[in-house]
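No hydrogens, no waters, no symmetry mates; every other heavy atom, side chains included, goes into these values. Just so you know, ligand 1 is whichever comes first in the structure, and atom 1 is the first atom listed for that ligand.
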Amino acid sequence: MWTDDLTVGIWEIDTQHRALFAQLEKLLDACMVGRELEEVMEMIVFLDGYVDTHFEAEERLQREGGYPEYEKHRAEHLIFRTNLERLKAELVESGATRDLVLRVNQVLIDWLKTHIRNVDAAMSEFLLKKSGQLADMRQ
Ligand SMILES: [Fe+2]
């Protein structure tokens, strides 16, 4: 599932993104063998900690680097947090269901396609360029 075009070039961020994908792969593998209801709870617990650590790391780097799109980027993180709160509420209300698994997968796959691939990539490009490391990173 992880492909090189998802690499943004900032070690801390790439490591965190890879951890998210490892968790998503675990969930998708569990779907193949009918264990997704057990695994989806683990994914939601993982995401609950992940959004704090990871979004805060990205937002800190953007503030430090004077990233002009900071507020826009942060707004996307807030939307993800809202989606996660909905999924958590659904888990509490109805338990682990196949519907919940589908929605978790959908939210994460959308995030991969839209946010990581475009929004995080643009952020990294700016930050790396600014710190003069872009040439080195692409060698
Ligand atoms: Fe981000």
ang(OE1 Glu58, the Fe ion (ligand 1), NE2 His77) rounded to 10° is 90°

Carboxylate-amine/guanidinium proximity below 4.0 Å for Lys26 and Glu42: yes

Would you say Asp120 reaches the Fe ion (ligand 1) with an N/O/S atom under 2.8 Å? yes

Under 2.8 Å: N/O/S of His73 next to the Fe ion (ligand 1): yes

Please determine if Arg60 and Glu12 form a salt bridge, counting it only when a charged side-chain N lies under 4.0 Å from a carboxylate O. yes

Out of Ile13, Leu20, Thr15, which residue meets the side-chain contact (heavy atoms from CB on, under 4.5 Å) rule with His54? Ile13

Is the shortest side-chain N to carboxylate O distance from Arg81 to Asp48 below 4.0 Å? no

